[in-house]
Amino acid sequence: MEPLHLQTDVLVVGSGAAGLMAARAAADEGARVILTDKSLISRGGATILAQMTVAVALGEAEEDNTQIHFEDTMKGSRGLADPNIVRAVVKRGPEVILEAEGYGVKWARTPDGKRSQAFAPGHSKARCVYVDILNTGGATAAGLKKAIWKDENIQRLKNVMITKVVVENGRAVGAIGFEMEAYRPISIAASSVILATGGLTEVYARNSASANMTGDGFVLAAEAGAEVRDMEMVQFFPIAHLFPPLVGIDPIMWDPFRYKLGGRLLNGKMEEFMDKYNGEVAGKYTAARDQTTLAIFREVEAGRGTPHGGAYLDFTMVPEDKLKEAFGPVIEILRNQGVDLTKDMVEVAPMAHFMLGGVRVDEAMRTRVPGLLASGELIYGMHGANRLSGNAITEALVTGRIAGETAAREKSKRNDAAVRQAFDREMERLTQFWHPVSVDRDTASLQTFKRKLQQIMWKGAGPLRTESGLKEALTDLRALRGELADISLKKQDKFALSLFEKLEAANMLKVSEAIVLGALERKETRGAHVRLDYDDTLTQPSSYSYELNEAGEWVVSEVQLPVGV
């Protein structure tokens with residue numbers, strides 16, 4: 001199929017909450033926008049799967065303000081958040097929540113008409129809005145999709161994988177990729193490029209996010225010359241479903257019910273244990289996610305885990321009518337699969353959930369590469385070493401809006417010629433990558449390759465880390481480089497799924513190496529990063545800066561941060 005060469009003012013890559021809001025904001029400023037996604041618009045990524053809450057200082061449940069939200073977030077970050085990014089996000093949080101409501105996102109209301117705001121661990125106020133029942137992410141995505149769908153200034157391209165951000169004379173001037181369904185090469189010249197591609201949790205065997213969270217944006221940004229920070233900081237959600245096997249439920253859905261109903265966490269000896277680690281009172285959950293994750297694994301490590309290596313979650317003390325009221329239709333989904341919460345406990349254990357580090361940006365969401373911006377889970381700065389519940393969608397909506405506004409207001413003259421010149425080189429690279437040698441059938445299974453990588457990462461760079469485990473993981477990952485390079489895939493003219501999957505595998509491998517390298521450098525336990533061989537948290541906090549050198553290798557350097565910001 002003939003290549004497609006497009007031009008626009010603002011190119012947005014990724015269509016979760018951050019990308020959709022960036023497109024909306026840029027169009028509001030009068031810019032022409034192209035919005036691309038390697039899945040369906042608004043249907044890929046993490047937003048659509050988010051079930052729970054959005055933290056924002058509306059002050060409708062109790063007296064609250066953005067300064068208190070700022071202080072809670074900084075405290076929860078374990079000393080690693082960027083105060084400038086946190087201030088930028090919490091300051092505009094109330095504004096974007098009301099904006100989303102204008103697009104049809106129906107935040108739950110109290111009987112007197114105020115927006116319901118729930119308490120979540122790490123927050124000192126009840127500030128988390130939500131959409132009943134467990135539909136916050138889906139409703140947010142649907143509302144934002146509706147907000148952009150009929151705007152003639154926003155062109156949407158689904159099933160398009162962006163493989164390169166084009167940089168000319170130090171400035172991002174567009175991007176190159178291909179349409180997967182028909183394998184049509186695409187170039188897009190743009191005044192500004194916004195990356196909103198989400199996280200990287202697919203590199204872990206146990207993860208809660210969409211399967212397309214393969215770290216693409218971190219690689220695109222770094223290859224374009226942007227700096228990334230704290231790639232070793234991956235958040236593990238503490239009470240994700242472990243056993244029995246269930247179909248049709250989100251593995252992290254248990255958390256809000258635990259808060260609402262007082263579900264108990266028990267070890268394998270049927271003992272409550274959180275009080276030993278965080279002084280929690282039964283039925284009142286105040287421990288942040290990093291603390292609960294560590295507590296569960298400490299119990300397992302001490303031989304007090306459940307049969308499948310986790311903890312029990314127990315609702316059997318809750319009256320049946322209360323269970324039905326809280327769980328709604330979910331109660332029948334569980335019962336149809338043999339789980340009766342009035343009698344049965346389930347096993348839960350941590351799983352990879354959210355990327356805490358990422359692309360370094362300023363308060364306007366600019367990277368250090370002029371013309372290249374980033375937003376959402378892709379960025380560094382909001383969460384540090386631990387994300388508070390509810391802060392993810394707030395971050396996505398606010399940073400998406402800021403990025404869109406900045407990109408539209410600071411657009412410069414396009415360099416269409418530079419993008420076209422880069423196009424031929426990138427297509428040649430992709431062809432060589434796809435078919436290193438000519439074959440009649442694929443030489444290996446990419447799914448098998450991915451599973452191998454995921455097991456390496458879970459074992460060596462998962463929730464509990466040691467120097468020996470990390471070094472073994474790094475050795476194994478570097479061996480996978482050669483395996484991936486040798487995989488040659490059958491030539492296809494009409495459907496490029498195999499190229500798409502190999503590129504995802506390459507990005508997963510690249511970001512996995514970054515995680516392991518940073519985890520080796522960070523010789524302490526801090527928040528989500530637990531080193532069993534370095535239990536203490538250093539008094540002087542450090543951030544770790546990652547750059548790609550000319551050989552495509554990560555260079556990691558330490559950056560000391562102020563104490564007690």
Side-chain angles (χ1 to χ4, degrees), residues 38 161-165 177 180 195 197-207 209-224 226 228 230-234 352 355 357-359 377-378 426 429-436 442-462 465 469-489 496-521 544 546-556:
K38 65 179 184 177
M161 186 167 197
I162 297 299
T163 62
K164 181 179 180 63
V165 173
M180 181 176 62
L195 297 177
T197 52
L200 49 66
T201 43
E202 182 65 5
V203 304
Y204 287 99
R206 270 180 61 79
N207 73 80
S210 167
N212 60 18
M213 294 289 93
T214 52
D216 308 346
F218 304 99
V219 177
L220 286 170
E223 289 179 343
V228 293
D230 294 347
M231 292 290 283
E232 71 281 4
M233 287 296 176
V234 181
M355 183 56 184
V359 180
E377 189 176 348
L378 184 63
E426 180 64 3
R429 182 188 77 86
L430 290 179
T431 300
Q432 180 60 32
F433 177 78
W434 196 1
H435 321 294
D442 299 348
T443 58
S445 165
L446 288 166
Q447 290 306 310
T448 299
F449 178 92
K450 285 184 179 181
R451 283 194 292 271
K452 189 185 300 185
L453 184 152
Q454 289 171 327
Q455 292 296 336
I456 290 169
M457 288 299 290
W458 185 258
K459 178 184 175 184
R465 300 166 176 179
L470 289 164
K471 285 183 174 179
E472 182 179 349
L474 187 60
T475 298
D476 291 342
L477 290 172
R478 287 178 171 167
L480 288 183
R481 287 186 194 175
E483 285 189 33
L484 186 63
D486 289 341
I487 294 175
S488 195
L489 303 166
L497 178 61
S498 61
L499 173 59
F500 172 89
E501 290 181 334
K502 191 176 180 184
L503 286 163
E504 283 196 328
N507 289 336
M508 289 170 66
L509 184 55
K510 180 69 75 175
V511 297
S512 292
E513 286 194 38
I515 291 168
V516 173
L517 287 168
L520 279 166
E521 290 291 332
Y544 286 86
Y546 298 72
E547 302 176 54
L548 285 176
N549 63 21
E550 291 184 1
E553 301 285 346
W554 291 109
V555 177
V556 184

Can you check side-chain contact (heavy atoms from CB on, under 4.5 Å) on L474 and L517, steps first, answer last?
CA-CA 8 Å; L474 187 60; L517 287 168; 3.9 Å; yes

Candidate pair L430 and E426, rule side-chain contact (heavy atoms from CB on, under 4.5 Å), full reasoning:
CA-CA 6 Å; L430 290 179; E426 180 64 3; 3.9 Å; yes

For side-chain contact (heavy atoms from CB on, under 4.5 Å), just list the numbers for M213 and N207, CA-CA rounded to whole Å, side-chain angles, deciding distance to a tenth of an Å, and then say yes or no.
CA-CA 10 Å; M213 294 289 93; N207 73 80; over 6 Å; no

Apply the test side-chain contact (heavy atoms from CB on, under 4.5 Å) to residues L446 and L489: give CA-CA distance (whole Å), side-chain angles for both, the deciding distance (0.1 Å), then the verdict.
CA-CA 10 Å; L446 288 166; L489 303 166; 4.0 Å; yes

Does the salt bridge (charged side-chain N to carboxylate O under 4.0 Å, His left out) test come out yes or no for R478 and E513, once each step is laid out?
CA-CA 8 Å; R478 287 178 171 167; E513 286 194 38; 3.8 Å; yes

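Side-chain contact between D216 and I162 is absent, with no heavy atoms from C-beta onward closer than 4.5 Å. Side-chain contact check for D442 versus I487: every heavy-atom pair is 4.5 Å or farther apart. Residues D486 and T443 have side chains not in contact (no heavy-atom distance under 4.5 Å, counting atoms from C-beta outward). Taking 4.5 Å as the limit, every side-chain heavy atom of E377 sits out of range of all side-chain heavy atoms of L200. Looking at heavy atoms from C-beta onward, W554 lies in side-chain contact with V228 at the 4.5 angstrom threshold. Side-chain contact between I456 and L480 is present, with at least one heavy-atom pair separated by less than 4.5 Å. The side-chain heavy atoms of K459 and E472, taken from C-beta on, include a pair separated by under 4.5 Å. In this structure, the side chains of M457 and L453 come closer than 4.5 Å at one or more pairs of heavy atoms.
Of the inter-residue distances, the one linking T201 atom OG1 with Q454 atom CD reads 10.0 Å to the nearest 0.5 angstrom. From T448, atom OG1 reaches atom CD of E483 across 10.5 Å, with rounding to the nearest 0.5 Å. Atom-to-atom distance recorded for L470:CG and T475:OG1 is 11.0 Å, nearest 0.5 angstrom. Expressed to the nearest 0.5 Å, how far CZ of F449 lies from CG of L509 amounts to 5.0 Å. For the atom pair OG1 (T197) and CZ (F218), the distance works out to 6.5 Å, reported to the nearest 0.5 Å. Rounded to the nearest 0.5 angstrom, M355 CE and D230 CG are separated by 8.0 Å.
The main-chain N or O of I515 is never found under 3.5 Å from a side-chain atom of Y546 such that the two would form a donor-acceptor pair. Side-chain atoms of H435 never come within 3.5 Å of backbone atoms of S488 as a donor-acceptor pair (strictly under, hydrogens ignored).
For V516 against A473, the heavy-atom pair with the smallest separation is CG2-CB, 4.3 Å. Shortest non-hydrogen contact noted between A222 and L548 is CB-CD1, 3.6 Å. Minimum heavy-atom separation, A221 to V359: CB-CG2, 3.7 Å. Heavy-atom minimum distance, V165 versus L220: N-CD2, 4.2 Å.
Q447 is linked by a side-chain contact (heavy atoms from CB on, under 4.5 Å) to S445, K450, R451, E501, counting only residues two or more places apart in sequence or in another chain. For N212, the side-chain contact (heavy atoms from CB on, under 4.5 Å) test picks out K38, S39, S210, E504, with sequence neighbours left out. Checked against salt bridge (charged side-chain N to carboxylate O under 4.0 Å, His left out), E202 has no partners two or more places apart in sequence or in another chain.
A cation-pi geometry, defined here as NZ or CZ lying under 6.0 Å from the six-membered ring centre and within 45° of its normal, holds between K502 and F433.
We find that E232 and R465 are not joined by a salt bridge, their nearest charged nitrogen and carboxylate oxygen being 4.0 Å or further apart.
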